[in-house]
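Notes for the one structure printed next.
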Amino acid sequence: MNDLLAVLEENENKSAAEVVKAIKAAVGEGVGGVYDIRDAMTESKELCDKIEELEKSYAQWNLITVRRPEVSNTAKQYVDAGKVSVVGAAFSVNAGATVNLHMSETENPKELPDNARAVQLDIKLYSNGNVVEGNLDMPVTITMPVPKGIDVSLMVIRHYKGEIFNQEPYKVNEDGTITFGVADFSTFVFVETFADGPCGGESAGNKGGNMDQQTVLADRIAAAAPGTVVKITKDQYINTLSNSIMKQLVKRGDVALEMEYSYNGADYHIVIPAGMAVDNDIPWYGPLYLSEHYNINAADAVSAAPSVYVVQRGDTLTGIARKNNTTVAKLAAVNPQIRNINRIVPRQIITIQ
């Protein structure tokens, strides 16, 4: 977040398009970089305000009209349309476009536990009347009231991709509204969680409102001692992993993750051995992905795992390849987290096939 504020300050005399380009360069290309910007904008009002000013300049220069968000009549029973605002919408549409956000009660409600209280909204971005599909070039930050009937101290936000969801971080503002970031649009479910209920696990409520299960899990991995196996039991109802979790596992390299979960009536048991997590630069890893890549017993996972190398100061990928009788191309192929083969850093974990 501080890095992005510094980028804005360093480029304050440049055009809005040039500043946006500098922001993207600072976080790296691809979906992962967009999510880094999203998380920073969610966390920092200062950064979000500066991005909003930048967007106004960008929209004016590119003749983009940003309309106020629209809330459908059915959704208005849960959300006060006058308190919904959006930052960043202009960055993902073409010059001359008219862009606006639209909220409506979802037409295909997601199946939830019987005693889960929830508000389900389809949130979409429109450009000249057409839905903006796929991942955005720059994230959108939405500020809105907590949906009526939902206790914010127990709330998590589920962002669905089909029937698979990721729990998104959000911030509670001083005026009682919430702010969360979006890198692509679909169905968002604002659902109360219970520490002993079917939404399970350590809930947002006992973590101060905006700490969901994925955040708690990331904290557990970060705090785990070297050689630890962090375990997730089936009654915690976690069957997806966010990009931040994979990044945390890649960063640690010495912590394993073991998961038991259910999906579509089937039970799964997977193990991600220490040093075997791979950041594929996607926002979430669903139950079928995890099963396909890691559905092996813990003992087998450890014995079958490729060796890993911890980068030391002065190392180069060419040197590491030579020491291990392999090639730079092969190392790059099995280590997609290496975005630049000429730049590796000390303590980075590299898989050796």
Side-chain angles (χ1 to χ4, degrees), residues 42 69-86 101-124 141-182 184-219 232-242 261-265 284 286-287:
T42 300
E70 297 180 11
V71 179
S72 71
N73 289 333
T74 55
K76 283 179 181 177
Q77 63 184 310
Y78 306 111
V79 177
D80 182 347
K83 295 182 179 179
V84 179
S85 60
V86 180
L101 188 84
H102 188 270
M103 287 186 182
S104 60
E105 191 171 13
T106 183
E107 296 179 359
N108 300 297
K110 304 302 179 182
E111 184 176 350
L112 298 169
D114 290 341
N115 67 340
R117 184 178 301 164
V119 171
Q120 305 195 29
L121 298 174
D122 285 333
I123 304 180
K124 299 176 181 178
T141 299
I142 300 172
T143 297
M144 59 179 282
V146 178
K148 293 176 183 177
I150 301 298
D151 183 346
V152 72
S153 69
L154 298 173
M155 186 182 79
V156 296
I157 301 176
R158 290 185 175 189
H159 182 191
Y160 278 83
K161 315 290 179 68
E163 295 305 314
I164 299 172
F165 68 88
N166 188 43
Q167 291 183 182
E168 303 289 8
Y170 65 90
K171 179 178 67 175
V172 181
N173 303 310
E174 292 182 359
D175 62 359
T177 60
I178 55 172
T179 296
F180 60 98
V182 178
D184 60 292
F185 289 91
S186 57
T187 299
F188 292 78
V189 179
F190 303 82
V191 58
E192 290 184 2
T193 61
F194 303 89
D196 57 353
C199 289
E202 295 180 75
S203 72
N206 56 32
K207 281 292 179 179
N210 63 344
M211 296 286 286
D212 59 29
Q213 292 171 325
Q214 299 284 324
T215 305
V216 172
L217 179 56
D219 289 345
I232 299 172
T233 57
K234 192 163 61 174
D235 59 3
Q236 288 177 279
Y237 293 86
I238 298 176
N239 62 10
T240 64
L241 295 179
S242 67
Y261 61 88
S262 296
Y263 177 70
N264 279 353
W284 51 270

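Take Lys148 and apply the salt bridge (charged side-chain N to carboxylate O under 4.0 Å, His left out) test, not counting sequence neighbours, and it matches no residue.
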Item to check | Verdict with reasoning, Leu241 to Leu217, per side-chain contact (heavy atoms from CB on, under 4.5 Å) | outcome: CA-CA 9 Å; Leu241 295 179; Leu217 179 56; 3.8 Å; yes
Checklist entry - Would Arg158 and Leu112 count as a side-chain contact (heavy atoms from CB on, under 4.5 Å) if you check the C-alpha gap in whole Å, the side-chain angles of each, and the deciding distance to 0.1 Å? => result CA-CA 11 Å; Arg158 290 185 175 189; Leu112 298 169; 3.2 Å; yes
Checklist entry - Could you go step by step and tell me if Val84 and Val71 meet the side-chain contact (heavy atoms from CB on, under 4.5 Å) rule? => result CA-CA 9 Å; Val84 179; Val71 179; 4.3 Å; yes
Item to check | Full working for side-chain contact (heavy atoms from CB on, under 4.5 Å) between Met103 and Ile142 | outcome: CA-CA 11 Å; Met103 287 186 182; Ile142 300 172; 4.0 Å; yes
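A distance of 9.5 Å separates CE of Met144 from OG1 of Thr177, quoted to the nearest 0.5 Å. From Met155, atom CE reaches atom CZ of Phe190 across 6.5 Å, with rounding to the nearest 0.5 Å. To the nearest 0.5 Å, atom NZ of residue Lys124 and atom NE2 of residue His102 are 9.0 Å apart.
Of all the heavy atoms in Thr240 and Gly286, the pair that sits closest is CG2-CA, 4.0 Å. Taking every heavy atom of both residues into account, Gly149 and Glu192 meet most closely at O-OE2, 3.6 Å. The two residues Val86 and Pro69 have their closest heavy-atom pair at CG2-CG, 3.7 Å. The two atoms that bring Gly181 and Thr42 nearest to each other are N-OG1, 3.2 Å, heavy atoms only. Contact record, Ser72 with Ser104: OG-CA, 3.3 Å, taken as the closest heavy-atom pair. Across Glu107 and Asp122, no two heavy atoms sit closer than the pair N-OD2, 3.5 Å.
Panel note: side chain Ser186, backbone Tyr160; a donor-acceptor pair is recorded below 3.5 Å.
A salt bridge links Lys161 with Asp184; the closest basic N to acidic carboxylate O contact falls under 4.0 Å.
Between Val119 and the options Ile150, Val146, Val79, a side-chain contact (heavy atoms from CB on, under 4.5 Å) holds for only Ile150. Screening Phe165, Phe180, Tyr170 against Phe188 for a ring pair (Phe, Tyr, Trp, His ring centres under 6.0 Å) leaves a single residue, Phe180.
The environment of NZ in Lys110 is crowded: more than 12 heavy-atom neighbours from other residues, nucleotides or ligands sit within 6.0 Å.
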